[in-house]
**Student:** 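Just passing along the structure, written as structure tokens.
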Amino acid sequence: MRISSSMIFNQLKSSLQKNLFDLSSANEKLATGKRINKPSDDVIGTARAMDYKLALNNIEQYKRNIDDAINHLEFSEKIMNSVSDALLRAKELSIQGAAGALGDSDRLALAKEVEQLRDHLLNLSVSKLRGRYIFSGFKTDISPFDPTTFDYLGDSGSINVIIDKGTTMGINIPGNNAFSTGGVTYFKMLDDLRISLQNNDSAGIQASVGLINDGLEQVINVTAEIGAKLNRLDDQINRLDDNTLSLKTLLSNVEDTDIAEAITEITKTQTVLEALRASSSRVMSQSLLDFLR
């Protein structure tokens, strides 16, 4: 088979084009720092990288959810601490009121302070976060308690947030748990104490001491529940951070450029191109001489 000049030229052209493409690709990898700049660079690697990126995006969403949950729980915790302070003061007043040495005017003064504590608790119960009542269950647009009858107007719905794949956590404390015990709200307890103090009802005052103690125990339980959830969320953030680091490492291994390898590839390709240039020059010169003859 006779090898014509056109066949030689086509072969040289094909080799030059291939090596120029390889040089361009290696330079792109070095410039971007990415081994995969388009799906055709590595189809399987591209699919893996997409999976890793999707997992990382999900983790970022979980972390945003956790941040919102922590804000909600920390706000609730502050409210419950204030509830505890108010009930502790009410307990002190009820013990004072039960003392037989107090006169009518003294008990009336205590009743006034108890009334203030009752109203303070009512104000705490209607606390809002981002414009929503936090103690109304699912009914976040409705005030949780009737300020006159002290009846609970919300529900027992649990507002859940996703903190990991297939894992949710309830972040709200419904008002019937946060502000009542044994079916009696703290507002009703303090209102009954107020009436007993005004009427010099020693038995009623004494009964209020026990009820307020029950309320304090319930507040402790609720606060402990909030604290346990906050601890769990802290642990979950640490786990998500560890997962993020692992996924970023895997992603880097798949799509990042090996700098030393890229530089070596560039150097090798440039050497081949120089050799092809020299060869092309000799072949083209020889072909021209043949033509002139």
Side-chain angles (χ1 to χ4, degrees), residues 54-91 117 120-145 152-187 189-190 212-248:
L54 178 60
L56 286 168
N57 287 337
N58 288 339
I59 286 176
E60 288 305 309
Q61 183 59 60
Y62 299 147
K63 291 172 75 172
R64 286 192 291 270
N65 292 349
I66 289 173
D67 286 340
D68 288 341
I70 288 174
N71 289 335
H72 193 287
L73 288 167
E74 286 181 342
F75 183 69
S76 300
E77 186 177 45
K78 290 178 181 178
I79 298 300
M80 296 313 299
N81 287 337
S82 296
V83 171
S84 178
D85 291 341
L87 289 178
L88 281 170
R89 179 55 183 162
K91 179 182 176 181
L117 289 172
H120 176 54
L121 287 175
L122 278 168
N123 286 333
L124 291 174
S125 74
V126 297
S127 297
K128 290 183 177 181
L129 185 63
R130 301 186 188 91
R132 297 286 183 175
Y133 293 104
I134 67 170
F135 295 114
S136 295
F138 284 137
K139 299 180 178 181
T140 56
D141 57 339
I142 295 176
S143 182
F145 291 96
Y152 183 53
L153 305 177
D155 59 29
S156 298
S158 176
I159 298 174
N160 297 320
V161 297
I162 302 174
I163 61 173
D164 203 349
K165 184 178 180 179
T167 304
T168 62
M169 174 185 284
I171 62 171
N172 66 311
I173 309 295
N176 54 348
N177 289 333
F179 288 88
S180 70
T181 182
V184 181
T185 66
Y186 307 151
F187 328 116
M189 288 181 192
L190 297 196
I212 293 172
N213 270 331
D214 292 342
L216 284 167
E217 289 183 10
Q218 175 66 6
V219 171
I220 290 172
N221 291 335
V222 169
T223 305
E225 179 184 351
I226 293 173
K229 289 183 176 183
L230 286 170
N231 288 336
R232 182 184 173 193
L233 291 176
D234 285 341
D235 291 340
Q236 180 64 14
I237 287 176
N238 291 333
R239 282 195 292 272
L240 291 176
D241 285 340
D242 290 341
N243 290 343
T244 296
L245 180 59
S246 297
L247 286 168
K248 285 183 176 179

**Student:** For the residue pair Ile59 and Asn243, what are the closest heavy atoms and their distance?
**Tutor:**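 Closest approach of Ile59 to Asn243, heavy atoms only: CD1-CB, 3.8 Å.
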**Student:** Drop me the distance from Ile226's CD1 to Asn221's CG, to the nearest 0.5 angstrom.
**Tutor:** 11.5 Å
**Student:** Check Val219 against Met80 and note the closest heavy-atom contact, atom names and distance.
**Tutor:** CG1-O, 3.6 Å
**Student:** Heavy atoms only: give me the nearest Ile163-Gln236 pair and the separation to one decimal.
**Tutor:** O-NE2, 3.0 Å
**Student:** To the nearest 0.5 Å, what is the distance between OH (Tyr186) and CG (Leu124)?
**Tutor:** 12.0 Å
**Student:** Quick one, Val126 and Leu122 - any side-chain contact, counting heavy atoms below 4.5 Å?
**Tutor:** no
**Student:** Just how far is it from atom OG1 of Thr140 to atom CZ of Arg130, taken to the nearest 0.5 Å?
**Tutor:**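 Reported value, rounded in 0.5 Å steps: 12.0 Å.
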**Student:** Contact between Asn81 and Ser84 at the side-chain level, heavy atoms closer than 4.5 Å - yes or no?
**Tutor:**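 In short, these two side chains do not touch, never coming nearer than 4.5 Å.
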**Student:** How long is the span from the CG atom in Asp235 to the CG atom in Leu230, to the nearest 0.5 Å?
**Tutor:**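 Nearest 0.5 Å value for the CG-CG distance: 11.0 Å.
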**Student:** Starting at CD of Glu60, measure out to CG of Leu240 and round the result to the nearest 0.5 Å.
**Tutor:** 9.0 Å
**Student:** So which of Tyr152, Phe135, Tyr133 actually passes ring pair (Phe, Tyr, Trp, His ring centres under 6.0 Å) with Phe145?
**Tutor:** Tyr152
**Student:** Check whether any side-chain heavy atom of Asn176 sits under 4.5 Å from a side-chain heavy atom of Ser156, and report yes or no.
**Tutor:** yes
**Student:** Please report the shortest heavy-atom distance between Ala55 and Leu247, naming the atom on each side.
**Tutor:** CB-CD1, 3.7 Å
**Student:** Let me confirm one number: the CG-CG distance from Leu87 to Leu121, rounded to the nearest 0.5 Å.
**Tutor:**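 Answer rounded to 0.5 Å: 5.5 Å.
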**Student:** Can you name the nearest heavy-atom pair linking Leu190 to Ala90, along with the distance?
**Tutor:** CD2-CB, 3.5 Å
**Student:** Do Lys165 and Asn58 come within less than 4.5 Å of each other through their side chains, counting heavy atoms only?
**Tutor:**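 SC-SC contact between Lys165 and Asn58 ruled out.
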**Student:** Can you name the closest pair of heavy atoms from Phe187 and Ser125 and give their distance?
**Tutor:**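 Scanning both residues, the minimum pair turns out to be CZ-CB, 3.7 Å.
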**Student:** Using side-chain hydrogen bond (donor to acceptor under 3.5 Å, both in side chains) as the criterion, list what pairs up with Lys91, not counting sequence neighbours.
**Tutor:** Asn213
**Student:** Any side-chain heavy-atom pair from Asp214 and Gln218 closer than 4.5 angstrom?
**Tutor:** no
**Student:** Are Asp164 and Arg239 within salt-bridge range, i.e. N to O under 4.0 Å?
**Tutor:** no
**Student:** Within a reach of under 6.0 Å around CD1 of Ile159, are more than 12 heavy atoms found that belong to other residues, nucleotides or ligands?
**Tutor:** yes
**Student:** Ignoring hydrogens and angles, state whether a donor on the side chain of Asp155 or Ser136 is under 3.5 Å from an acceptor on the partner side chain.
**Tutor:** no
**Student:** What donor-acceptor contacts under 3.5 angstrom involve side-chain atoms of residues 68-77, with partners at least two apart or in another chain?
**Tutor:**
from  : atom 1 : to     : atom 2 : distance (Å)
Asn71 : ND2    : Asp67  : O      : 3.3
His72 : ND1    : Ile171 : O      : 3.1
Ser76 : OG     : His72  : O      : 2.9

